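Here the structure is laid out as structure tokens; the discussion comes afterwards.
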Amino acid sequence: METTPLARTLREQGANSDLVLIVDDVPDNLAVLHDALDESGYTVLIATSGEQALQRAAQARPDIVLLDAMMPGIDGFEVARRLKADAATAHIPIVFMTGLTETEHLVAALEAGGVDYVTKPIKPKEVLARMNVHLQGARRARQDARQAGQARNALDAFGYASITVRLPEGKLIWQTALARELLQRYCDTRAPETPPVVLEWLRRHAPEARQQGIEPPALSIVRPSVGATPSAAGQPQVPSVGATPTTSSLSLRLHRQTGQDDDGDEWMIVMREISDTAVIEAMSLSLKLTAREAEVLYWVVKGKTNKDIGEILGSSPATAKKHLERVYVKLGVETRTAAAGVAIKRIRELQPQFEI
């Protein structure tokens with residue numbers, strides 16, 4: 001399928017850019033920093049109060065926060081303390097922006113959780129230089145967190161969605177509860193029967209895995225879409241007007257050989273379900289969007305125009321636009337690219353295996 005300019009831009013630039021939250025109650029300050037950061041390739045979110053800042057940070061998990069110290073209501077010091085008290089946002093570096101230069105105020109900023117500060121009037125080049133220093137540390141922390149998350153995902157898979165198959169007879173000799181449910185749903189089989197497509201894949205790749213220790217390509221079993229018109233094999237399914245097409249697939253990989261004797265050997269297979277519906281629901285919950293707003297944002301991430309989205313969801317382009325405008329407000333962004341950037345970041349945190 002041909003990608004739109006928006007989708008190409010997100011893949012090439014926005015999807016990998018750092019996410020910056022600017023918090024300031026003065027519009028002119030926001031405008032200056034927003035333009036400078038946007039021109040430098042950052043994805044920018046804005047908040048004009050302490051309350052909004054806490055909401056934006058919880059929703060989007062920015063890579064760094066530029067925080068005005070003095071604001072009406074919840075001031076910057078209290079915002080920083082709350083962010084650092086929340087395990088979900090405690091790791092985010094905070095750079096204070098302040099017109100106060102007395103030592104006690106600067107000390108208060110650092111004690112509240114700030115890693116640095118810049119003084120007003122703001123000099124964008126100075127802000128960018130200081131940000132870069134702290135973002136390097138944040139990137140290393142994210143990489144470590146991703147690696148730890150991958151390990152946890154693997155352990156989860158071993159505990160909740162795995163099977164053991166014995167060769168040469170092809171008998172399914174062990175399975176977890178979730179694996180049982182998934183195989184019944186996708187293959188309509190029950191132990192001790194191994195689904196034929198799985199057994200064929202295992203018999204084809206087990207000899208090479210046994211001899212050379214090479215993990216074969218994953219097996220993907222596609223389930224018919226809900227809300228899509230059936231199509232010929234190998235052809236894309238067409239969404240029915242008024243129904244959100246939801247595709248799901250079961251991905252299986254050969255984990256390792258778990259036993260061997262004179263009569264044969266045993267293999268552990270790990271599986272996981274990949275679902276559009278799960279991604280949309282996760283976006284709705286984590287970004288605090290309505291179900292329809294999450295659907296609209298999902299299709300924006302997929303590179304669809306308002307006209308496309310209207311046709312998919314059975315509404316008008318104007319309705320899709322209205323939903324998207326509400327999404328902008330909730331996420332604190334001003335453009336489709338920025339909204340999609342926030343969504344992609346969250347999707348990759350929640351469902352790392354999902355292909356955008």
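Predicted model only: the values in this text are computed from it and were never measured.
The two atoms that bring Met97 and Leu66 nearest to each other are CE-O, 3.7 Å, heavy atoms only. Of all heavy-atom pairs between Pro168 and Arg203, the closest is O-NH2, 2.7 Å. Taking each heavy atom of Leu83 and Thr89 in turn, the nearest pair found is O-OG1, 2.7 Å. The shortest non-hydrogen separation linking Pro93 to Ile64 is O-CG1, 3.3 Å. Contact record, Leu199 with Gly170: CD1-CA, 3.4 Å, taken as the closest heavy-atom pair. When all heavy atoms of Ala109 and Phe96 are compared, the closest pair comes out as O-CE1, 3.2 Å.
Cluster membership for Val32 and Leu21, using ILVMFWY side-chain heavy atoms within less than 4.5 angstrom, is not shared. Cluster membership check: Val197 shares its hydrophobic cluster with Leu254, using side-chain heavy-atom separations under 4.5 Å among Ile, Leu, Val, Met, Phe, Trp and Tyr.
Although no hydrogens or angles enter the test, the distance criterion places no donor-acceptor pair under 3.5 Å between the side chain of Asp38 and the main chain of Asp35. Using modelled atom types, one side-chain atom of Arg346 and one backbone atom of Gln59 make a donor-acceptor pair closer than 3.5 Å. With Ser162 contributing its side chain and Ile269 its backbone, the two residues share no donor-acceptor pair below 3.5 Å. With Glu293 contributing its side chain and Thr290 its backbone, the two residues share a donor-acceptor pair below 3.5 Å. A donor-acceptor pair under 3.5 Å is absent between the side-chain atoms of Thr164 and the main chain of Ile173, judged by distance alone.
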(message) Quick one, Lys330 with Lys288, criterion side-chain contact (heavy atoms from CB on, under 4.5 Å). Give me CA distance, side-chain angles, the key distance, then yes/no.
(response) CA-CA 8 Å; Lys330 290 185 177 182; Lys288 294 182 172 55; 5.9 Å; no

(message) Pair Val95, Val127 - check side-chain contact (heavy atoms from CB on, under 4.5 Å), show working.
(response) CA-CA 9 Å; Val95 176; Val127 174; over 6 Å; no

Can you list, pair by pair, the side-chain donor-acceptor contacts under 3.5 Å of residues 179-187, counting residues two or more places apart and other chains?
{"from": "Glu181", "atom 1": "OE1", "to": "Arg185", "atom 2": "NH2", "distance (Å)": "3.2"}
{"from": "Glu181", "atom 1": "OE2", "to": "Arg185", "atom 2": "NE", "distance (Å)": "2.6"}
{"from": "Glu181", "atom 1": "OE2", "to": "Arg185", "atom 2": "NH2", "distance (Å)": "3.2"}
{"from": "Arg185", "atom 1": "NH1", "to": "Glu273", "atom 2": "OE2", "distance (Å)": "2.8"}
{"from": "Arg185", "atom 1": "NH2", "to": "Glu273", "atom 2": "OE1", "distance (Å)": "3.4"}
{"from": "Tyr186", "atom 1": "OH", "to": "Ser248", "atom 2": "OG", "distance (Å)": "3.0"}
{"from": "Tyr186", "atom 1": "OH", "to": "Glu273", "atom 2": "OE2", "distance (Å)": "2.6"}

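More than 12 heavy atoms of other residues, nucleotides or ligands shown are found within 6.0 angstrom of CZ on Phe77. Counting heavy-atom neighbours within 6.0 Å of Lys321 NZ, excluding the residue itself, gives a total of 12 or less. The neighbour count for Lys120 NZ, taken as heavy atoms of other residues, nucleotides or ligands under 6.0 Å away, is above 12. Shown here is Arg81, whose CZ atom has more than 12 heavy atoms of other residues, nucleotides or ligands within 6.0 Å.
Using a cut-off of 4.0 Å between Lys/Arg side-chain N and Asp/Glu carboxylate O, Lys322 and Glu325 are scored as not salt-bridged. Classification of Glu169 and Arg166 as a salt-bridged pair holds, one side-chain N sitting under 4.0 Å from a carboxylate O.
For the 3.5 Å distance criterion, the side chains of Thr48 and Gln52 qualify, holding a donor opposite an acceptor.
Evaluation of the side chain to side chain donor-acceptor pair (under 3.5 Å) rule for Asp25 yields no partner, not counting sequence neighbours.
With respect to Lys345, the side-chain hydrogen bond (donor to acceptor under 3.5 Å, both in side chains) criterion is satisfied by exactly one of Asp63, Thr43, Asp18: Asp63.
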